[in-house]
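Order of the sequence lines sets the chain letters (A, B, ...), proteins ahead of strands, with each chain counted from 1.
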Amino acid sequence: MPQPSLIADASGQKRFPVQDYNLTATLTSGQAFRWQCRDGAWEGVIGTRWVRLDSGLDSILAATAEPVENWDWLSDYLQIDVDLAPILAAFPRDDAMRSAVDKCRGLRLLRQDPWECLASFILSSTKQIVQIRQIVELLCERFGERVISLPDRAHAYAFPTAERLAQCDEAELRACKMGFRAPYLKAAANMIACQEVALEKLRELPAGQARDALISIPGVGRKIADCVLLFAYGFQSAFPVDVWVTKALRELYFRRRRIKLKRLQQFSATYFGPFSGYAQQYLFHYMRLHQRSAHNS
DNA sequence: CTCCAGGCGCCTT
DNA sequence: AAGGCGCATGGA
């Protein structure tokens, strides 16, 4: 005889009322790499908690494997309390941004753990998002701590700590398919583990100083630093310029002309307004959606 | 098969 | 300062 009450008792549940929150766009827009869709819901690990997110019409239903008293970790991660309207209203009113907002309405920026974000984006260079996901998953399975998930699920793991990854030798990391990025990740793990760069302190710095500190880490340049500034610390002026955004800016604003990276950075720093990070994420996701639909048609 | 991917570090001019 | 190149690995 089924006993659903047992499951209900053993798991935490909470419903978050939301407006204009596109959970799928948010979790598949290349900010975070561990979310998996199952039966129309999104399952993943935040810190040391497994969680399932079910998106309703005007709410998100969260279910954990263990009881939860304080849900701040989740509302903070999802940025539930952010009012999207003034952000969208601050975007430039050009055709490109209008199309992006139209196609990606409800896309949000997450607030992720700095170490997981940093490590993940060190692994991201010249990799497709599907491959980044695969590498991160291997890393977590092999070096992350087990976390409790639902009984019928595959084992779930936390993202490995910097301390743990610092103990790995390069061959163990390379075995997770990360290739030439292995020495960068190991060096970064060392620097974080020994507090040569104190990730928690970067929150209090001006964006420029935080960026410089991140760029001092091997394998971290301007683009990856901007990703961490934006996706982990919420510096909304950060504007990561990758190949997709370069393509978008050239096609939409520079009549397809060859433009130097420095020029694109200067343009984006002024043109997109106070929430340029959000604008960037809309452009990025829009370009990828557009590419995918063009290819499938 | 070739081309390219949420780049970076290093070596040339 | 600015430009070119190699780097592992696998998807398209």
For A/Gln79, enumerate each residue passing the side chain to side chain contact (heavy atoms under 4.5 Å, CB included) test, keeping only those at least two apart in sequence or located in another chain. A/Asp76, A/Val82, A/Arg111
Listed by chain and number, what are the salt bridge (Lys or Arg N to Asp or Glu O under 4.0 Å) partners of [X], not counting sequence neighbours?
{"X": "A/Arg255", "answer": "none"}
{"X": "A/Asp152", "answer": "A/Arg38"}
{"X": "A/Asp20", "answer": "A/Arg105"}

d([atom1], [X]; [atom2], [N]) in whole Å:
{"X": "A/Leu185", "N": "B/dC8", "atom1": "CG", "atom2": "P", "result": "15 Å"}
{"X": "A/Phe121", "N": "B/dC8", "atom1": "CZ", "atom2": "C1'", "result": "15 Å"}
{"X": "A/Ile135", "N": "C/dG11", "atom1": "CD1", "atom2": "C1'", "result": "13 Å"}
{"X": "A/Lys247", "N": "B/dA5", "atom1": "NZ", "atom2": "C1'", "result": "13 Å"}
{"X": "A/Trp244", "N": "B/dG7", "atom1": "CH2", "atom2": "P", "result": "11 Å"}

With A/Phe33 via ring pair (Phe, Tyr, Trp, His ring centres under 6.0 Å) - residues at least two apart: A/Phe121
Residues forming a ring pair (Phe, Tyr, Trp, His ring centres under 6.0 Å) with A/Phe272, sequence neighbours excluded: A/Phe239, A/Tyr253, A/Phe267
A/Arg49/A/Glu66 ion pair, N-O < 4.0 Å: no
Salt bridge check, A/Arg133 against A/Glu137: does any charged N sit closer than 4.0 Å to a carboxylate O? no
Compute whether any side-chain donor of one residue and acceptor of the other, for A/Tyr271 and A/Asp94, lie under 3.5 angstrom apart. yes
Polar contact flag, side-chain donor to acceptor under 3.5 angstrom, A/Gln280-A/Ser268: no
Record whether the side chain of A/Gln134 comes under 3.5 Å of the base of C/dG11 through a donor-acceptor pair of N or O atoms. no
Does the ring center of A/Tyr157 lie less than 6.0 Å from the ring center of A/Phe143? no
May I ask you to list the residues of residues 212-241 of chain A, by number, that have any heavy atom positioned under 4.0 Å from an atom of DNA chain C? none
Applying a 4.0 Å non-hydrogen cut-off, can you work out what A/Ser29 is touching in the nucleic acid: base, sugar-phosphate, or nothing? base
Dot-bracket, DNA chain B: Watson-Crick or G-U, under 3.5 angstrom, [ ] crossing, | other strand? .||||.|||||||
Report yes if the ring of A/Phe284 lies under 5.5 Å from the six-membered base ring of B/dG6 with planes under 30°, and no otherwise. yes
With sequence neighbours left out, what residues match A/Arg174 under side-chain hydrogen bond (donor to acceptor under 3.5 Å, both in side chains)? A/Glu170
Apply side-chain hydrogen bond (donor to acceptor under 3.5 Å, both in side chains) to A/Arg203 and list each qualifying residue two or more places apart in sequence or on a separate chain. A/Glu200
When rounded to the nearest Å, what value does the distance between C1' atoms of C/dA2 and B/dG6 take? 24 Å
Rounded distance in Å between the P positions of B/dC8 and C/dG10: 22 Å
Sort me out a list of protein N/O and nucleotides 2-9 of chain C N/O pairs below 3.5 Å, or just none if empty.
residue, atom, partner, partner atom, Å
C/dA8, O4', A/Phe180, N, 3.3
C/dA8, N3, A/Arg181, NH2, 3.4
C/dT9, O2, A/Lys127, NZ, 2.7

Do the rings of A/Tyr184 and A/Phe180 sit parallel, tilted or perpendicular, given the 30° and 60° boundaries? perpendicular
Expected rows: protein N/O vs nucleotides 11-13 of chain B N/O, under 3.5 Å:
none

